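See structure below.
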Amino acid sequence: MGPGGNIVASWAALKSMGQDGYLELAKRLMDVTGILRDGIRGIPGLAVLGSPHMTAFAIASTDPNLDILVLADAMEEKGWKMERQQLPNSLHCTIMPHHIKVAGKLVEDLRRSTESVRGKKAKAGTAAVYGMVAKIPDKAIVDTFVKQFLSDVYSCK
């Protein structure tokens with residue numbers, strides 16, 4: 001979604017909740033974002049990239065024996081949707097209202113999954129695909145590959 005979509009979504013939320021409701025939800029989201037960032041910073045091998053000021057941040061591995069993309073696969077096995085990024089490999093977190101009630105569980109699942117995948121390498125799944133794509137020297141062919149891959153993944157059979 002481009003910036004126009006975000007503006008329209010914010011306007012609709014503001015109109016629906018009113019200014020006070022919108023500001024209260026924004027405060028709650030900022031609070032839970034801080035709880036999540038602090039919890040993640042307390043997990044050995046994980047780091048929050050940069051100094052995020054809003055309700056989004058990225059998680060990276062500081063441990064060469066911890067593949068962040070393998071961690072994403074483990075978290076998805078627990079039912080979480082993880083947004084993968086590259087350059088550097090990281091997980092993008094957009095904090096939404098549904099995270100308010102599950103922030104503690106998210107941090108605990110990250111802690112447990114981090115320990116369970118430490119030392120494991122990507123053999124299959126999304127982590128393997130991201131790792132393979134990152135190693136392609138000619139980035140011009142990545143676009144074609146990704147389009148074909150996604151077409152195959154989301155095709156109806």
Side-chain angles (χ1 to χ4, degrees), residues 1-6 9-10 25-26 28-157:
M1 181 181 341
N6 290 334
S10 296
L25 180 58
R28 292 175 67 202
L29 288 171
M30 292 300 293
D31 290 346
V32 80
T33 299
I35 290 166
L36 289 168
R37 283 192 322 249
D38 292 347
I40 291 162
R41 287 177 176 140
I43 300 172
L46 294 184
V48 174
L49 296 178
S51 300
H53 299 287
M54 297 305 292
T55 58
F57 56 88
I59 306 167
S61 171
T62 59
D63 180 345
N65 294 314
L66 176 60
D67 185 330
I68 197 76
L69 301 176
V70 173
L71 175 60
D73 286 348
M75 288 295 289
E76 288 195 342
E77 287 175 12
K78 293 181 182 293
W80 298 100
K81 172 65 181 134
M82 306 306 292
E83 301 173 51
R84 294 152 180 87
Q85 301 182 129
Q86 292 181 310
L87 304 174
N89 285 347
S90 58
L91 305 178
H92 174 81
C93 299
T94 302
I95 309 309
M96 306 294 285
H98 62 271
H99 290 110
I100 293 169
K101 293 182 179 179
V102 297
K105 178 156 179 43
L106 175 56
V107 171
E108 187 54 34
D109 283 352
L110 274 168
R111 183 180 316 281
R112 288 183 178 158
S113 295
T114 296
E115 290 310 314
S116 74
V117 303
R118 195 178 307 276
K120 294 183 180 176
K121 298 295 178 196
K123 294 180 183 170
T126 308
V129 172
Y130 270 78
M132 178 186 63
V133 171
K135 292 178 182 174
I136 296 173
D138 180 2
K139 299 301 181 199
I141 64 173
V142 172
D143 186 56
T144 302
F145 169 80
V146 170
K147 285 178 185 174
Q148 183 60 50
F149 173 76
L150 291 174
S151 177
D152 291 343
V153 167
Y154 293 109
S155 66
C156 296
K157 295 181 180 177

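Small disclaimer: the values here were computed from a predicted structure and weren't measured. Just so it is clear, the values below take in all heavy atoms, side chains as well, and ignore hydrogens, waters and symmetry mates.
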Are the side chains of [X] and [Y] in touch, meaning some heavy atoms are under 4.5 Å apart?
X: Leu110; Y: Lys78; answer: no
X: Val70; Y: Lys121; answer: no
X: Leu29; Y: Met54; answer: no
X: Gln85; Y: Leu91; answer: no
X: Leu46; Y: Ile68; answer: yes
X: Pro97; Y: Leu25; answer: yes
X: Ser90; Y: Leu49; answer: yes

| query | Applying the side-chain hydrogen bond (donor to acceptor under 3.5 Å, both in side chains) test to Arg118, which of Asn65, Asp63, Asp67 qualifies? | reply | Asp63
| All side chain to side chain contact (heavy atoms under 4.5 Å, CB included) counterparts of Arg111, not counting sequence neighbours | Ile43, Val107, Glu108
Between [X] and [Y], which heavy-atom pair has the shortest distance, and what is it?
X: Ser113; Y: Met75; result: OG-SD, 3.5 Å
X: Leu36; Y: Ala103; result: CD2-O, 3.5 Å
X: Thr62; Y: Pro64; result: O-CD, 3.9 Å

Roughly how far, to the nearest 0.5 Å, is [atom2] of [Y] from [atom1] of [X]?
X: Leu106; Y: Ile40; atom1: CG; atom2: CD1; result: 6.0 Å
X: Ile35; Y: Ile95; atom1: CD1; atom2: CD1; result: 11.0 Å
X: Glu83; Y: Thr94; atom1: CD; atom2: OG1; result: 4.5 Å
X: His92; Y: Ile59; atom1: NE2; atom2: CD1; result: 10.5 Å
X: Arg28; Y: His99; atom1: CZ; atom2: NE2; result: 14.0 Å
X: Thr33; Y: Asp38; atom1: OG1; atom2: CG; result: 10.5 Å

| request: Test Leu69 against Met82 for side-chain contact (heavy atoms from CB on, under 4.5 Å), laying out the working first. | output: CA-CA 9 Å; Leu69 301 176; Met82 306 306 292; over 6 Å; no
| message | Is it the case that over 12 heavy atoms from other parts of the model lie below 6.0 angstrom from the CZ atom of Arg112? | response | no
